[in-house]
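Just so you know, these numbers use all the heavy atoms, side chains as well, and skip hydrogens, waters and symmetry mates.
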Amino acid sequence: MTDKNPGFIVNPSWIVPVVPANIILEDHSLVIQDERIVDLLETQTARQKYPDWPCHELRQQIVIPGLVNVHGHAAMTLLRGYADDKELMDWLSNYIWPIESRVVDHDFVYD
């Protein structure tokens with residue numbers, strides 16, 4: 001396979017894919033091109049299919065899906081501006097945590 005912009009192959013010891021769930025792949029590679037995964041296949045097959053692409057060996061490394069922090073503080077927008085001129089730990093310890101313990105409940109979060 002020849003491309004004007006060849007990518008590269010990543011060969012970790014283990015790959016944990018999203019699909020199928022609950023498996024760990026060994027002796028598999030990710031083929032990356034233009035910042036995208038374009039192939040996931042056995043390492044030997046990857047080297048045959050993309051013979052001129054550079055390989056990055058990641059022995060004793062695991063590749064997992066990106067972890068995305070999906071928690072939010074939407075309810076805390078109701079406290080926006082409250083003592084916001086304080087240093088972080090002073091603000092948390094002496095202002096935010098005490099008021100949260102007094103006013104934050106199901107209805108506050110719902111609002």
Side-chain angles (χ1 to χ4, degrees):
M1 179 172 241
T2 59
D3 290 319
K4 290 181 182 179
N5 182 15
F8 58 93
I9 301 170
V10 177
N11 299 322
S13 292
W14 309 277
I15 297 175
V16 178
V18 174
V19 177
N22 302 315
I23 67 165
I24 298 175
L25 302 173
E26 294 186 58
D27 299 317
H28 278 69
S29 297
L30 289 171
V31 180
I32 312 294
Q33 185 177 33
D34 296 326
E35 299 180 6
R36 298 180 85 96
I37 298 171
V38 296
D39 227 339
L40 168 61
L41 60 168
E42 291 182 351
T43 298
Q44 183 176 355
T45 305
R47 289 184 172 147
Q48 292 169 352
K49 188 172 178 181
Y50 306 93
D52 298 326
W53 290 28
C55 294
H56 299 281
E57 299 296 329
L58 301 177
R59 292 298 134 217
Q60 298 304 303
Q61 302 289 319
I62 186 169
V63 172
I64 63 172
L67 302 176
V68 179
N69 181 351
V70 296
H71 91 282
H73 296 268
M76 296 305 103
T77 61
L78 298 175
L79 295 176
R80 184 175 289 144
Y82 179 69
D84 62 356
D85 59 338
K86 307 297 180 191
E87 293 292 322
L88 176 63
M89 289 313 297
D90 181 31
W91 177 72
L92 288 170
S93 299
N94 299 313
Y95 297 91
I96 294 300
W97 292 333
I99 198 160
E100 282 180 346
S101 69
R102 289 194 308 272
V103 301
V104 175
D105 59 14
H106 177 271
D107 293 331
F108 182 92
V109 173
Y110 181 84
D111 289 343

Nearest 0.5 Å, please: how far is [atom2] in [Y] from [atom1] in [X]?
{"X": "H28", "Y": "N11", "atom1": "NE2", "atom2": "CG", "result": "11.5 Å"}
{"X": "E100", "Y": "L92", "atom1": "CD", "atom2": "CG", "result": "8.0 Å"}
{"X": "I96", "Y": "S101", "atom1": "CD1", "atom2": "OG", "result": "11.0 Å"}
{"X": "K49", "Y": "D39", "atom1": "NZ", "atom2": "CG", "result": "4.0 Å"}
{"X": "T43", "Y": "L30", "atom1": "OG1", "atom2": "CG", "result": "9.0 Å"}
{"X": "T45", "Y": "L40", "atom1": "OG1", "atom2": "CG", "result": "11.0 Å"}

R102/W97 under side chain to side chain contact (heavy atoms under 4.5 Å, CB included): CA gap, chis, key distance, verdict: CA-CA 9 Å; R102 289 194 308 272; W97 292 333; over 6 Å; no
Give the minimum heavy-atom separation between [X] and [Y], together with the two atoms involved.
{"X": "P51", "Y": "Q48", "value": "CD-O, 3.4 Å"}
{"X": "F8", "Y": "W53", "value": "N-CE3, 3.5 Å"}
{"X": "R59", "Y": "P12", "value": "NH1-O, 3.6 Å"}
{"X": "A46", "Y": "S29", "value": "CB-CB, 4.0 Å"}

Report yes or no: do I9 and L41 belong to one cluster of Ile/Leu/Val/Met/Phe/Trp/Tyr joined by side chain heavy-atom distances under 4.5 Å? yes
Going only through I, L, V, M, F, W and Y residues with side-chain contacts under 4.5 Å, is there a path from L67 to V70?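 L67 and V70: separate clusters.
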Taking everything shown except [X] itself, do over 12 heavy atoms lie less than 6.0 Å from its [atom1]?
{"X": "I24", "atom1": "CD1", "answer": "no"}
{"X": "R36", "atom1": "CZ", "answer": "no"}
{"X": "E57", "atom1": "CD", "answer": "yes"}
{"X": "W91", "atom1": "CH2", "answer": "no"}

What class does the angle between the rings of H106 and Y110 fall in, given that below 30° is parallel, 30 to 60° is tilted and above 60° is perpendicular?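 Rings of H106 and Y110: parallel, under 30°.
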If the condition is side chain to side chain contact (heavy atoms under 4.5 Å, CB included), which residues does D105 pass it with, not counting sequence neighbours?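 So D105 forms a side chain to side chain contact (heavy atoms under 4.5 Å, CB included) with D107, F108.
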